[in-house]
Peer 1: 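Here's a structure for you.
Treat the numbers as computed from the prediction; the structure is a model and nothing was measured.
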Amino acid sequence: MKIAIAQLNPTIGDIPGNVQKILEAAQQAVKSGARLLLTPELSLCGYPPRDLLLNPSFVSAMSTALQQLARDLPPELAVLVGTVEPNTKSHITGGKSLFNSIALLESGKVKQIFYKRLLPTYDVFDEDRYFEPGLQPNHFTLDDIHIGVTICEDLWNDEEFWGKRSYAVNPIADLAILGVDLIVNLSASPYSVGKPQFRESMLKHSAVRFQQPMIYVNQVGSNDDLIFDGYSFALNGQGEIMCRARGFATDLVTVDFNKKTRDLELSSLTPECESEEEEVWQALVLGVQDYALKCRFSKVVLGLSGGVDSALVAAIATAALGKENVFGVLMPSPYSSEHSVSDALALGKNLGIETKILPIGELMQGFDHSLADLFAGTEFGIAEENIQSRIRGNLLMAIANKFGYLLLSTGNKSEMAVGYCTLYGDMNGGLAVIADVPKTRVYKICHWLNRNDEIIPQNILTKAPSAELKPGQVDQDSLPAYEVLDDILQRFIHDHESAAQIVEAGHDPIIVDRVIQMVARAEFKRRQAPPGLKITDRAFGTGWRMPIASSWVAIKNAYQAIPVSTPS
């Protein structure tokens, strides 16, 4: 039996559009000779629908669309579709009102409904808010092949692989006990660096453990801050990859189940990315492309400072939307160096994008004049520095409003972590493209981008990074070296190490104390930041749930802190 894997890019809430994508995939699957078509988790409405699920008319529209889809599909094809199903017993049991479900459609009818059993509540997931867990193993028979059905998280509880269980049951083990011939998993698994390879290793372990062929189909595309990488694949009972779809792109691939050997046969294998830099690049390009498209923007604007962050964002935007749809604005102040302007112009020329120079010196003088009496007798400081950033932010917002452009914010994760950014200034924007990319990785991606031709001007990569808000300023006047800062942030934010553990790793205790305090103090800024594309397992987005007003002191004053002031 030939099985087709439809790696779809749904738009959340566009039920008619998503139905059309499923129908087109079905027609393609029939042409390829497939008997069964697999689509991702919640393929009917897109993942994650979040509080749209609280709207009864939204749920009703899905139910109507599912029935019509069943009638419109080719009669010779069976299709598994991701949807939601009302919990008709919730008023009796007190459970949630919906199930995260998979519908089996065949011969014009909804033949069976399967319920997701494991509901994640960690990181960006909040499924227990909406769904009741299924209690029974999900399986069906098609053409004498016994097929087990799992939904995304149902795969992620193999105690042998993890060394522990996060849930009471293991749906894969339950299906293996039932003696199914094949297990399919319909997922919407968000991307993070290295996750495609991790998924393959996890499923390989389960396939080998249970001697069970498995097919994994994943959503692709970007929805708000989440990027879905696709990379759907199939494994035989020995844990060998038999098929792999493309990464970061829609795709439809087929794999054959041999009824005699009761196993999957080798099919097409799309290669994985050659490096993490390439993987992250593709993720960010897809993230910008989909965010703009699904929010109905055709063009973007961003500030070009001559620095590495705005250079990378401009390159990503150009790859995502085309050079004709990217507008770069240079806003030099009296403190801007000549190379900042020349480097930004060189970048614009390399990318082929339109650029415009808007000097801000006169605007700065206007602010100085208005504030002269109030600021009399005080020294030039952060307030005056931040005015420059806010002038630039106002200009960019004016351009975005006037022409209907999407403003891209260019701040990196290192800056966002410690608050080295200005509210209502450089933090302005509709999308923070590299807000989950540490500064050291920004440089790595730029060097990768320049592997064949110079796209990012070399001087941008070699000069000391600077906000240029006062004469001779460089970032390291206020921050540790980025190699040091990023390692501390990785240990503190991602690895949840204590201050003592970070110091044990070789870092200066005073610097550690200072960085941790900066992270805590910057929470109010991150709460007001635009959505940032997630590429790590600990991003400052929907999965980051820290209080702003908190008296918890992570370091417990173990070391004397150096007072530090950062832009606000």
Side-chain angles (χ1 to χ4, degrees), residues 307-309 335 378-386 389 411-423 425-427 434-444 462-529 532 536-540 544-568:
V308 68
D309 297 322
Y335 304 127
T378 65
E379 294 184 2
F380 180 96
I382 289 176
E384 290 82 2
E385 291 182 28
N386 288 345
S389 181
N412 63 63
K413 187 172 190 174
S414 308
E415 296 169 349
M416 288 291 293
V418 297
Y420 196 69
C421 46
T422 304
L423 277 173
D426 59 294
M427 290 180 69
I434 59 171
D436 199 27
V437 185
K439 187 78 166 188
T440 49
R441 188 179 285 277
V442 169
Y443 279 104
K444 289 178 181 178
T462 55
K463 66 185 178 184
S466 170
E468 293 192 328
L469 299 177
K470 62 182 179 181
Q473 184 184 49
V474 294
D475 290 1
Q476 268 57 67
D477 293 339
S478 303
L479 301 174
Y482 280 114
E483 292 79 6
V484 173
L485 176 62
D486 283 354
D487 188 60
I488 293 174
L489 293 175
Q490 171 68 32
R491 294 173 180 277
F492 182 63
I493 293 171
H494 290 261
D495 303 335
H496 305 288
E497 290 186 9
S498 67
Q501 288 174 311
I502 300 172
V503 170
E504 267 184 42
H507 289 287
D508 185 296
I510 295 179
I511 293 176
V512 171
D513 185 7
R514 176 183 168 200
V515 169
I516 289 175
Q517 291 194 43
M518 292 171 78
V519 171
R521 285 201 298 266
E523 190 58 42
F524 77 102
K525 293 186 184 181
R526 291 190 289 272
R527 192 69 65 87
Q528 300 178 70
T536 73
D537 56 4
R538 192 76 171 124
F540 298 129
W544 179 267
R545 306 180 189 187
M546 290 293 184
I548 296 174
S550 170
S551 62
W552 167 253
V553 182
I555 202 164
K556 295 294 182 185
N557 298 316
Y559 311 105
Q560 181 182 359
I562 297 177
V564 61
S565 57
T566 57
S568 62

Peer 1: In Å and rounded to the nearest 0.5 Å, what is the CG to CZ distance from L423 to F524?
Peer 2: 5.5 Å
Peer 1: For residues 434-443, which residue pairs qualify under salt bridge (charged side-chain N to carboxylate O under 4.0 Å, His left out), counting only residues two or more places apart or in two chains?
Peer 2: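 Passing the test, one end in residues 434-443: E276-R441, E277-R441, D309-K439, K413-D436.
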Peer 1: Report the C-alpha separation of D495 and Q501 in whole Å, then their side-chain angles, then the decisive distance to 0.1 Å, and conclude whether the side-chain contact (heavy atoms from CB on, under 4.5 Å) test is met.
Peer 2: CA-CA 11 Å; D495 303 335; Q501 288 174 311; over 6 Å; no
Peer 1: Which atom pair, heavy atoms only, marks the closest approach of A417 to A522?
Peer 2: O-CB, 3.9 Å
Peer 1: E504: what forms a side chain to side chain donor-acceptor pair (under 3.5 Å) with it, not counting sequence neighbours?
Peer 2: none
Peer 1: State the NE2-NE2 distance between H494 and H496, to the nearest 0.5 angstrom.
Peer 2: 9.0 Å
Peer 1: For the residue pair V308 and N412, establish whether any side-chain heavy-atom pair is separated by less than 4.5 Å.
Peer 2: no
Peer 1: What residues, two or more places apart in sequence or in another chain, satisfy salt bridge (Lys or Arg N to Asp or Glu O under 4.0 Å) together with D537?
Peer 2: none
Peer 1: Minimum heavy-atom separation for M427 to A529, with atom names?
Peer 2: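 Heavy atoms of M427 and A529 come nearest at CE-CB, 3.6 Å.
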Peer 1: Do D486 side-chain atoms and P438 backbone N/O form a donor-acceptor pair below 3.5 Å?
Peer 2: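 Absent.
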Peer 1: List the residues meeting salt bridge (Lys or Arg N to Asp or Glu O under 4.0 Å) with R491, not counting sequence neighbours, and say none if there are none.
Peer 2: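 In terms of salt bridge (Lys or Arg N to Asp or Glu O under 4.0 Å), with neighbours along the sequence ignored, R491 is linked to D487, E497.
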Peer 1: Check side chain to side chain donor-acceptor pair (under 3.5 Å) between Y443 and all other residues, then give those that pass, not counting sequence neighbours.
Peer 2: none
Peer 1: Given 3.5 Å as the limit, does a donor-acceptor pair link the side chain of R538 with the main chain of Q490, or not?
Peer 2: no
Peer 1: Under the side chain to side chain donor-acceptor pair (under 3.5 Å) rule, collect the residues that match up with Q476, sequence neighbours excluded.
Peer 2: none
Peer 1: How far apart are the closest heavy atoms of I516 and F492, and which atoms are they?
Peer 2: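 Shortest heavy-atom contact: CG2-CZ, 3.8 Å.
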Peer 1: Would you say that more than 12 heavy atoms from the other residues, nucleotides or ligands in this model lie under 6.0 Å from the NZ of K444, or not?
Peer 2: no
Peer 1: Using side-chain contact (heavy atoms from CB on, under 4.5 Å) as the criterion, point out the one residue from D513, V515, V512 that pairs with I502.
Peer 2: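 Considering D513, V515, V512, a side-chain contact (heavy atoms from CB on, under 4.5 Å) with I502 is found only for V512.
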Peer 1: Please report the closest heavy-atom contact between Y482 and P465, naming both atoms and the distance.
Peer 2: CE1-CG, 3.8 Å
Peer 1: Quick one: closest heavy-atom pair of C421 and M416, and the distance?
Peer 2: SG-SD, 4.3 Å
Peer 1: Would you say the side chain of R526 lies within less than 4.5 Å of the side chain of V519, judging by non-hydrogen atoms?
Peer 2: yes
Peer 1: Between L485 and S414, what is the shortest heavy-atom contact and its length?
Peer 2: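 Of all heavy-atom pairs spanning L485 and S414, the closest is CD2-CB, 4.2 Å.
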Peer 1: Rounded to the nearest 0.5 Å, what's the gap from CD on E523 to CZ on F540? Could you check?
Peer 2: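 The distance works out to 8.0 Å.
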